[in-house]
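Following: one structure in structure tokens, then a few remarks.
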Amino acid sequence: MASRIDVSIEHKNSPPEPGGSKKHPNTCPKCNSHYRDDELAANLRVCAQCDYHFPVGALERIEQLLDKDSFIEEAADLRSADPLGFFDLRSYKDRIAEAELKTGLGDAMLMGQGKIEGLDFQLTVMDFSFMAGSMGSVVGEKFAQACERAIERKVPLISVNASGGARMQEGILSLMQVPKTVCAVENMRDAGIPFISVLTHPTTAGLLASFATLGDITIAEPGTLMCFTGPRVVQQTVREDLPDDFGLAESNYRFGHLDAIVQRRELKTTLAKLLRLFGHVG
Amino acid sequence: MASRIDVSIEHKNSPPEPGGSKKHPNTCPKCNSHYRDDELAANLRVCAQCDYHFPVGALERIEQLLDKDSFIEEAADLRSADPLGFFDLRSYKDRIAEAELKTGLGDAMLMGQGKIEGLDFQLTVMDFSFMAGSMGSVVGEKFAQACERAIERKVPLISVNASGGARMQEGILSLMQVPKTVCAVENMRDAGIPFISVLTHPTTAGLLASFATLGDITIAEPGTLMCFTGPRVVQQTVREDLPDDFGLAESNYRFGHLDAIVQRRELKTTLAKLLRLFGHVG
Amino acid sequence: MSGELELKLRDRLAKLKRLHLPGGGMSNEVRRIEQQLEEMGNGDERDEDEIWRSVEFARHPERPYTLDYVERLIGDWIELHGDRARMDDPAIVSGLGSFADRTVAVIGHQKGRGDAVQRVKRNFGMSNPEGYRKAMRVMEIAERHGFPVITFVDTPGAYPGVAAEQHGQGGALAASQATMARLTVPTVACVIGEGGSGGAIALALANRVLMQQFAIYSVISPEGCASILWRDAGQARKAAAAFRPDAVHCLELGVIDGIIPEPKDGAHTDFDEAAKLLGKSLRSALDELKKMNGKELRRDRRARFRSYGVFAS
Amino acid sequence: MSGELELKLRDRLAKLKRLHLPGGGMSNEVRRIEQQLEEMGNGDERDEDEIWRSVEFARHPERPYTLDYVERLIGDWIELHGDRARMDDPAIVSGLGSFADRTVAVIGHQKGRGDAVQRVKRNFGMSNPEGYRKAMRVMEIAERHGFPVITFVDTPGAYPGVAAEQHGQGGALAASQATMARLTVPTVACVIGEGGSGGAIALALANRVLMQQFAIYSVISPEGCASILWRDAGQARKAAAAFRPDAVHCLELGVIDGIIPEPKDGAHTDFDEAAKLLGKSLRSALDELKKMNGKELRRDRRARFRSYGVFAS
Ligand SMILES: [Zn+2]
Ligand SMILES: [Zn+2]
């Protein structure tokens, strides 16, 4: 039975570090500029030199995007159980507890109500630092509830995504979050509720095969890795060099999978515009 | 105004003759076998040596496919007017009269009721020998009426197509037959009426951009040229050699545009099967 | 010459003829207007020069294109890209924006202006099937959310390329029309330049079809026609005169519902004025369609196209 | 070992648990069956060997594939090809035929049997996005004409290729599920071999999900899992034991509705018998769904998938 094994899926689909070796998190992996934390935060975690978009956690994302104090969290108490009794070097339960301690989040998604320029909407925001943003029961459930709340409240849903894929520790039930969230989106469609999907680095695997690609509008930040299978696995399969921008937002845009690539500094105004457009219907 | 000009569009989209020079119509352009007319008719106008599918006129097609004496023609009296007063070497009116004399048909499409293996359906069959199967008001009108009849009679529509494209002599009204037939198909769809489109050599241009590609099921005979733009024009545009099977059913099948390529000798049984399948619904 | 009075008379005439279809009546006014037009020296016949001027203006390299009108008429514009399968085709643009106090979807052919690079990038407004698939995707967004759809038609035709054929150009053109036929939102198409054959009609199966004064709309390009007629594309002018792709002729045949006036010497001479005139016509077409619900809009649209055809009696 | 009695008990148990969801009751019988299973030495735990046997059987090169079942179960079969945009993907087959006196649409992953050429031709049952787009197209035909949809799931996963990614693998998998979620016809999915992750679920969002006795269904392949867990795909056996992709485990979790028995030594030992058993289960699943109308079918399907998730209380 599920024996002692090391589950290092946290970075399964994260891209290879440009420089090769691990750098300080405030050092730009593209141009090596280094920033104080407050400098970086003030610039929305975008490198002032080269425009590289550093990762943004869920709480900071909410701060960046939403009207001040407008976020009202919902379903905050949801926590995963451990259906497989999964145990590698540590038990799944311990891993969740650790992730919660590290991030201050209950799982890889925050869900609730929010406003941008006074316009009301439902929001989900993912955090890659919580177990690689993997989608287990809690992420699936929060997203489904977000759709239901958007329907009840007759407001659009904005989903800011970042995920390495499935929460393997929940086995097949993790896979079931994929159709579960698809069904939730379909209910929302039937109710005529707008859905805007924002892809941030990285949004991969199960998330791309479910709600992240089902938006009325789908936009991404520059440099977002968005692929169903990560570059390493594809490289191992095809045994040839991948294009430089394989799986990145930039190539996905060329191949027709994105409505727009939006700079982080323009994300809020873009979302405001979309909320206005989807707000007043002829 | 429309001065004396020669309109030789009859073979606008017909393929280049394989041998180069004109051959006797009963000589196989692929393998040069020659047949008596009754031999060829007995073999459904398929070359016994190399399987080349000779063109089949509308009346002979009906004989090949339908239960004996089951065809009841409808809208037989429809004839085109001459909205542009079009005159090249001959007037459009004269051209129609000539085509009628040559083919015994009133225009490039026959329409009516028919049966295969006792199963009732509505039928349209085109004839390339009538002004290159071009779609003018009459073809558009007959097809639209066929859709309406299929809805009234609650039977599937089978359309056997062959066309060089627009009836240029009718100008923009010829183009309007394209959306007109699309709308007719959509009405049929709303009514849940099955539509089977059979493409025969050649089915091109306006027909491909309208009803011919809108079947629930789309099948073609081997060797059917089916392209929106003919090979010559494409070749002139891109100025490079085209693939050998450019625009043919065989390449369209590979590229995902056909449900099946059906040998002429299997066409009747295939249609019978489809009529059975679309007949008894769960 | 098409003066403003003439355009007004022709619009009125076309409307009357449309109303006329179901039963009798109104024929007196029809006759009266026809007579007036003839007296103005604008009967049925337009001379070769007039028709060729439309062809030249319709293709003028400085003529305003879809995005020029979007820039001037549409607020909160956000362009939407991609077919979600293979590419983003720059020869068709699509997006959402606000117009006349509501949200609309705008879809149009887009030519490149200026140097060869720009023109090639937009493929001279000749879309691949992927462009039409992008258009359908945006139409479906509009349908889901009740946004009216405005299309701008301006293409020499669908691109006659090898990959275009391989990826199903004909089927995409048909599917785009089928999608337009299914919509339950109001749709208005404007031919703003070249309305070239299947590539044009794929975006023109709308409740109302308008045409700018110097735009053209035809089943084949003058050159294409000429090269079939005389195997000589140079005879385009003569061919155009035979086909009469000009707005007045299209209105006479009932193929369009109205002619949108342009600045006297063509839209290219004054983008702002051209946009203003276009916007006015668009707005009134949309207002007119407000009276119909979804089912009626769909029925109206299909009935409109069902009616085309001329038969010997 | 999973005897026939055990499978029956487990099916019954799963059904009771499903019925159980809304309110109380039935818990006595649930407990009784659970006890009986335990007494048979078949409690919750299945050993590594048993699980690995499922993995081996599910991937056995002689295991029957979709077209083997079609050949034995479906009358008047006509295969439908192509996505109408880019290609006909041979890793997914689809078509219409008759089954149990009605017309059905059948869609399934298809592996190649025999030599390498055949296996490569079918890409080992790993579809490109075009395969899923073909599937959607056929689902839409079924929807328009009221044909039930039967899917056969048998794939290691969606193909991890460069072009597959470029053409939108993730989006196609999502869209296929969305299409299935929208259908108003009865849908039954059968996992007949490997039910590998996103590639599997894209064809499995059905009203009833059945699984053959020795099929597997999981979020990741045993090798994929092992190479992540130990960076050593050779540890697949151990990984499978951790994930338990076998039918019994899936039934216990409520992920499937029933287990379809196979011939004693696996479906590969007797295609005809395997088909007979599969046909029987399929027929009764479809019969069960007859009671629901279109709206109910859609609601049932979405409610089913809505329910998955385990939470700490
Ligand atoms: Zn930098
Ligand atoms: Zn021959």
Side-chain angles (χ1 to χ4, degrees), chain A residues 1-3 5-9 12 78-84 86 88 137-138 140-141 144 166 168 170-180 182-187 204-214 226-229 233-234 237-238 240 242-243 246-247 251 255-257, chain D residues 45 47-48 157-162 164-175 177-178 180-182 195 197-198 200-202 204-205 217-220 224-225 228-231 235 238-239 241-245 249-250 253 255 298 301-313:
Chain A
M1 294 306 83
S3 35
I5 43 190
D6 180 25
V7 182
S8 20
I9 58 166
K12 173 162 76 110
L78 270 181
R79 294 292 182 281
S80 267
D82 183 10
L84 296 185
F86 210 87
D88 44 276
S137 296
V138 172
E141 182 66 21
M168 288 213 289
E170 295 187 23
I172 189 83
L173 286 174
S174 167
L175 182 61
M176 289 302 122
Q177 305 311 308
V178 170
K180 173 175 164 176
V182 170
C183 289
V185 171
E186 285 306 306
N187 283 334
T204 62
L207 223 77
L208 218 61
S210 64
F211 61 89
T213 51
L214 293 177
M226 43 178 289
C227 49
F228 178 66
T229 310
V233 174
V234 172
T237 306
V238 301
E240 57 186 53
L242 302 186
F246 176 83
S251 85
F255 282 105
H257 305 300
Chain D
E45 302 297 305
D47 67 27
E48 204 172 294
Y159 184 59
V162 176
E165 287 294 332
Q166 290 172 335
H167 299 149
Q169 188 69 280
L173 298 174
Q177 292 169 73
M180 291 195 85
R182 271 197 287 276
S197 191
I201 196 68
L205 203 160
Y217 195 11
S218 65
V219 71
I220 191 170
C225 172
I228 289 168
L229 296 182
W230 305 281
R231 312 222 169 262
Q235 304 270 24
K238 217 166 112 189
F243 276 83
R244 289 174 275 160
H249 181 238
C250 287
L253 289 173
V255 168
R298 186 193 285 197
R301 206 180 300 125
R302 294 186 189 172
R304 175 217 180 85
F305 287 93
R306 178 68 184 84
S307 70
Y308 295 123
V310 282
F311 306 101
S313 50

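Just so we're on the same page: letters track the sequence lines, and every chain starts at 1. It should be emphasised that the depicted structure is a prediction, and the values quoted were computed from it without experimental measurement.
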Using side chain to side chain donor-acceptor pair (under 3.5 Å) as the criterion, list what pairs up with A/N187, not counting sequence neighbours. D/R302
Residues in side chain to side chain donor-acceptor pair (under 3.5 Å) with D/H167, at least two apart?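 Applying side chain to side chain donor-acceptor pair (under 3.5 Å) to D/H167 gives D/R86, D/E130.
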Output the option from [options] having the highest count of non-hydrogen pairs under 4.5 Å with chain A.
options                : value
D/A181, D/A178, D/G171 : D/A178
D/L253, D/L205, D/V219 : D/V219
D/G170, D/C250, D/G161 : D/G170

Please determine whether a side-chain nitrogen of the Lys or Arg among D/R244 and D/E48 lies less than 4.0 Å from a carboxylate oxygen of the Asp or Glu.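 Judged by the 4.0 Å cut-off on N to carboxylate O distance, D/R244 and D/E48 do not form a salt bridge.
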Which answer fits [X], side chain, backbone, both or neither, if we ask what part of it has an atom under 4.5 Å from a heavy atom of chain D?
X      : answer
A/V182 : side chain
A/E186 : both
A/S210 : backbone
A/V178 : both

Does the pair A/S137 and A/E170 meet the rule for a side chain to side chain donor-acceptor pair (under 3.5 Å), with working shown? CA-CA 8 Å; A/S137 296; A/E170 295 187 23; 2.7 Å; yes
With heavy-atom distances below 4.5 Å as the criterion, would you say the side chains of D/L173 and D/I201 are in contact?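 They are not in contact (no side-chain heavy atoms under 4.5 Å apart), so the answer is no.
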Any non-hydrogen side-chain atom of A/V238 less than 4.5 Å from a side-chain atom of D/Y159?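 Yes; the side chains approach each other to less than 4.5 Å.
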Heavy-atom pair count under 4.5 Å with chain D, highest-scoring of [options]:
options                        : answer
A/T213, A/V185, A/L175         : A/L175
A/P179, A/A184, A/A144, A/G140 : A/P179
A/P83, A/A209, A/C183          : A/A209

Is it the case that the side chain of A/Q177 and the backbone of D/Y308 share a donor-acceptor pair, with hydrogens and angles ignored and the cut-off at 3.5 Å? yes
